[in-house]
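So the structure is just underneath, and the comments pick up after that.
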Amino acid sequence: MGTLSIMYVEDNSDLRDALSELLAGPGRAVVAFSTGEAALAACAARAPDLLVTDISLPGMSGADLARILVARNPAQWVALCSGYEYGHHVATLGQNVRALPKPFELEQLEALIDEVKAALGQP
C-alpha cells in the first residue's frame, strides 16, 4: 500500500496547522509550508503527489509554484485555493489542476484526494 504525499502551502499559520492535522492520517504524508519558495525548495528531491496551495502567498504565489511543478511534470495534481476569482489559473495550468474556492468544505478536499489516489492506483 502506497503513501499519498500531500504538500500544503498556506501563509495563515492557524489555518495551515488545522488543515494539516485534518489531512494527516493513515496512508498520507503531509508537509506544510508558509511560502511558495520554501515549498519549491522542498520539491527539489521529489514533488508531492498533491499540492494544495493558497494562491495569495507572500513572495512567490501559489499559482506560480503550481506552474513550476506542472512544467516539471504535466501530470502533477494541484488544488488552488482562494477566496478570490482565479479560474484563469486553473484553465491554463493543466489537466490535473482543480479549484477549491475558500471557504471550502473538507469533503471537497477529501473528494479530490480520492480522485488523486484513484489516478495513482492507490487504495
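The structure presented is a predicted model; accordingly, all values stated were derived computationally and were not measured. The first residue of the sequence shown is numbered 1, and numbering continues consecutively from there.
Put simply, the side chain of Leu69 does not reach to within 4.5 Å of the side chain of Val78, judged on heavy atoms. Residues Leu109 and Leu19 form a side-chain contact, since some pair of their non-hydrogen atoms from C-beta on lies under 4.5 Å apart.
Heavy atoms only, all atoms of each residue included: Phe104 and Cys81 are closest at CE2-SG, 3.9 Å. Summarising the geometry of Leu100 relative to Ala79, their closest heavy-atom pair is CD1-CB, 3.9 Å, with the distance given to 0.1 Å. Between Val9 and Ser34, the shortest heavy-atom contact is CG1-C, 4.4 Å. Met7 and Pro48 make their closest contact through CB-CG, 3.6 Å (heavy atoms, listed as atom of the first residue, atom of the second, distance). Here the shortest heavy-atom pairing between Cys43 and Arg72 reads O-NH1, 3.8 Å. Across all non-hydrogen atoms, the minimal contact from Asp64 to Met60 is CB-CG, 3.9 Å.
For residues 4-18, the side-chain hydrogen bond (donor to acceptor under 3.5 Å, both in side chains) pairs, not counting sequence neighbours, are Ser5-Arg46, Ser5-Asp49, Glu10-Lys102.
In this structure, the side chain of Glu21 does not engage the main chain of Ala18 through any donor-acceptor pair within 3.5 Å.
The distance from atom CD1 of Ile55 to atom CG of Leu80, rounded to the nearest 0.5 Å, is 4.5 Å.
Considering Val52, Leu51, Leu112 in turn, Leu112 is the only one that fulfils the side chain to side chain contact (heavy atoms under 4.5 Å, CB included) rule with Trp77.
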Could you go through the side chain to side chain contact (heavy atoms under 4.5 Å, CB included) check for Ile113 and Leu23 one step at a time? CA-CA 10 Å; Ile113 290 170; Leu23 285 172; 3.6 Å; yes
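One finds a salt bridge joining Glu110 and Arg28 here, because a Lys/Arg side-chain nitrogen approaches an Asp/Glu carboxylate oxygen to under 4.0 Å.
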